[in-house]
*Asks:* 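Got a structure here, written out as structure tokens. Questions coming.
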Amino acid sequence: MRPGFIIGDGAPRLGRRFHLQPRIPFGVFKERTAAAVVSSSRQIDFKDRTDMRAKTAVVLGAQWGDEGKGKIVDVLSERFNAVARYAGGHNAGHTVIIGGQKFVLQLIPCGVLRPGCRGIIGNGVVLDPIAFLKEVAKLRALGVGVDEQLFVSNRAQVILPYHRMIELAAESAPGRKKIGTTSRGIGPAYEDKMARSGLRIVDLLRPELLKTHIEAACGEKNAIAHALFGTDPLDPAQMYDEYAAAAEQVRPFVRDTGRLLNQILREGGSVMFEGAQGTMLDIDHGTYPFVTSSSATAGGAATGTGVGPTAIGTVISVTKAYVTRVGEGPFPTEIHDAVGDHLRARGMEYGAVTGRPRRCGWLDIPLLRYSNQVNGAEWLVVTKLDVLDELEEIPICVGYEIAGKVTDEIPADVQGLEAIKTVYTRMKGWRSSTEGITEFDKLPQEARDYLRFQERESGAKIGMVSTGPDRDQTMLLPEFAAALASLHA
Ligand code: IMP
């Protein structure tokens with residue numbers, strides 16, 4: 001046996017490829033000899049990288065979140081050994097309906113709903129321990145195997161009550177730009193991360209460190225919140241007691257998840273990276289400043305999990321058949337009349353986290369093209385097609401008129417985005433029910449034309465179409481199904 005052929009469980013690796021059936025229970029770090037530990041960390045070569053790439057996919061939102069990723073991740077998770085969240089926190093709201101039962105997951109990756117699929121909360125996530133434990137308890141009560149399947153990165157950042165305090169005060173302060181956030185403390189937690197003054201999960205588990213961190217941070221944040229916004233101070237002693245107790249309940253879930261994910265991949269397993277929010281809410285590429293504070297785009301999958309970009313294969317971008325947005329910020333194709341209300345009512349467009357009504361608009365091709373470019377999206381998944389069933393005519397935005405010139409370039413500034421006059425083409429509606437249709441050829445011709453137009457113009461192939469909220473109301477197009485099958489090869 002050549003040195004360097006030791007894999008995770010200490011067994012010799014004999015072939016170039018290590019074929020495993022899906023859903024093999026991976027990943028326990030067993031004790032190894034010093035030699036094995038050293039050699040296993042030198043394993044990866046270019047061929048391994050190619051093999052890993054064939055077993056990974058990023059699934060993310062193309063628009064401003066709420067594209068229906070929860071259901072898509074859930075449907076696809078059947079093919080993956082692990083599903084990893086890489087950004088955001090409990091501001092996400094992933095709704096999944098299984099056999100009529102509704103699950104709303106805010107922080108925990110949808111993968112855990114499949115027995116045997118590992119759910120991983122990566123280092124790029126900001127985790128509120130109290131919210132996490134509430135979600136865990138809810139899933140436990142429903143019989144989901146969270147205790148065996150769920151892992152939290154020791155490098156993830158912790159959201160503490162002063163993050164929410166600062167956010168609530170700043171959002172309502174006179175003269176401040178209101179973003180319309182989810183009020184979960186997400187932005188201030190990422191601010192602390194970047195300022196190098198955040199608390200990580202690994203530190204949450206050390207009571208002495210937690211105590212001094214909370215005392216120092218409360219001193220500072222209470223003073224700022226009081227001076228700027230007149231907010232009442234938080235009590236650090238009470239906070240410490242609550243979070244020290246929560247830490248003990250979080251402890252069993254904590255791992256070096258980057259190492260765990262790389263091990264799963266080295267052993268031939270498959271990993272899905274589950275995006276949260278959407279491309280246009282990304283801190284760099286979205287409609288800044290009306291964005292969230294993390295990297296929601298495909299690049300975030302590498303930095304947010306510790307799996308290198310050369311091990312990440314395809315990108316699957318989820319788009320609604322129309323567009324929605326919650327919170328403030330520019331929205332070029334927003335509908336301001338009764339048709340918008342019709343889409344909201346039919347599509348049940350109310351925020352899964354905050355219950356706020358979502359703003360509705362027409363499909364925006366320049367935006368989708370931009371989003372596919374930023375993410376390197378290969379596949380498009382179109383959701384909620386059935387919501388358009390009753391429309392006689394469906395406008396699609398194909399260009400932007402800015403200062404008298406037609407372009408498909410997305411302005412970087414809010415003023416530019418707000419100055420857009422949208423240019424539409426109109427397609428004939430199908431005026432019949434597509435709900436629950438699971439074969440592309442069974443869709444009405446006009447619906448197929450609508451989807452093919454979207455595919456042609458956006459530059460990514462349609463892989464899946466969703467025609468209702470349930471797992472079963474989904475169609476996989478043959479080329480995409482074949483690509484997925486290779487995950488098991
Ligand atoms: P934050 O993420 O709570 O800081 O909110 C920033 C912006 O992102 C607000 O406009 C929110 O409405 C929006 N946002 C955050 N998470 C989601 C999501 O999961 N779906 C849709 N919008 C979101």
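Order of appearance sets the numbers: ligands from 1, and atoms from 1 within every ligand. Here, residue 1 is the first one in the sequence, and each next residue gets the next number. The figures here come from the full heavy-atom set of this structure, side chains too, leaving out hydrogens, waters and symmetry mates.
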*Asks:* Which of the numbered atoms in ligand 1 are under 4.0 angstrom from any heavy atom belonging to Gly327?
*Replies:*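 Result: 10 (O).
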
*Asks:* For the pair Glu171 (side chain) and Ile179 (backbone), establish whether a donor and an acceptor sit closer than 3.5 Å, ignoring hydrogens and angles.
*Replies:*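 Yes: the side chain of Glu171 pairs with the backbone of Ile179.
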
*Asks:* Check each heavy atom of Thr354 against ligand 1 and say whether those closer than 4.0 Å belong to the side chain, the backbone, both or neither.
*Replies:* neither

*Asks:* Checking Asn123 side chain against Ser153 main chain: does a donor-acceptor pair fall under 3.5 Å?
*Replies:*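 Answer holds: no.
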
*Asks:* Counting heavy atoms only, which part of Arg356 comes closer than 4.0 Å to ligand 1: side chain, backbone, both or neither?
*Replies:* side chain

*Asks:* Answer yes or no: does an N/O atom from Thr182 fall short of 3.5 Å to an N/O atom of ligand 1?
*Replies:*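 Yes, there is a polar N/O contact under 3.5 Å.
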
*Asks:* To the nearest 0.1 Å, how far is atom 10 (O) of ligand 1 from its closest protein heavy atom, and which atom is that?
*Replies:*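 Protein heavy atom at minimum distance: Val326 O, 3.4 Å.
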
*Asks:* What atoms of ligand 1 come closer than 4.0 angstrom to any heavy atom of Gly180?
*Replies:*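 So the answer, numbered in order with elements, is 9 (C), 10 (O), 11 (C), 12 (O).
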
*Asks:* Just which atoms of ligand 1 are under 4.0 Å from any heavy atom in Thr181?
*Replies:* 1 (P), 3 (O), 4 (O), 5 (O), 9 (C)

*Asks:* When you look at Val323 and Trp64, which way does the side-chain contact (heavy atoms from CB on, under 4.5 Å) test go after all the steps?
*Replies:* CA-CA 8 Å; Val323 185; Trp64 282 283; 3.7 Å; yes

*Asks:* Report the part of Asn91 in contact with ligand 1, treating N, CA, C, O as backbone and CB onward as side chain, heavy atoms under 4.0 Å; options are side chain, backbone, both, neither.
*Replies:* both

*Asks:* Is there a donor in the side chain of Thr354 and an acceptor in the side chain of Arg356, or the other way round, less than 3.5 Å apart?
*Replies:*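 Short answer, yes.
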
*Asks:* So is Asp66 polar-close to ligand 1, meaning N/O to N/O under 3.5 Å?
*Replies:*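 Min N/O separation from ligand 1 is below 3.5 Å for Asp66.
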
*Asks:* For atom 19 (O) of ligand 1, which of Gly329, Gly65, Ala92 has the closest heavy atom?
*Replies:* Ala92

*Asks:* Say whether Lys71 and Ser466, considering side chains only, have a donor N or O and an acceptor N or O under 3.5 Å apart.
*Replies:*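 Side chains of Lys71 and Ser466: pair found under 3.5 Å.
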
*Asks:* Can you list every side-chain hydrogen bond (donor to acceptor under 3.5 Å, both in side chains) pair that touches residues 295-306, not counting sequence neighbours?
*Replies:*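 For residues 295-306: Asp282-Thr297.
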
*Asks:* Suppose we measure from atom 14 (N) of ligand 1 to each protein heavy atom; which comes out shortest, and what is that distance?
*Replies:* Leu281 CD1, 3.7 Å

*Asks:* Give the single entry among Glu67, Gln277, Lys178 that approaches atom 17 (C) of ligand 1 most closely by any heavy atom.
*Replies:* Gln277

*Asks:* Tell me whether Thr467 contacts the main-chain N or O of Ile437 through its side chain, where contact means a donor paired with an acceptor under 3.5 Å.
*Replies:*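 Checking the backbone N and O of Ile437 against the side chain of Thr467, a donor-acceptor pair under 3.5 Å is found.
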
*Asks:* Any donor and acceptor pair, going by atom type alone, linking the side chain of Arg344 with main-chain N or O of Pro357 inside 3.5 Å?
*Replies:* no

*Asks:* List ligand 1 atoms under 4.0 Å from Trp64, heavy atoms only on the residue side.
*Replies:* 21 (C), 22 (N)

*Asks:* Could you tell me if Arg325 and Thr287 have a donor-acceptor pair between their side chains, going purely by distance under 3.5 Å?
*Replies:* yes

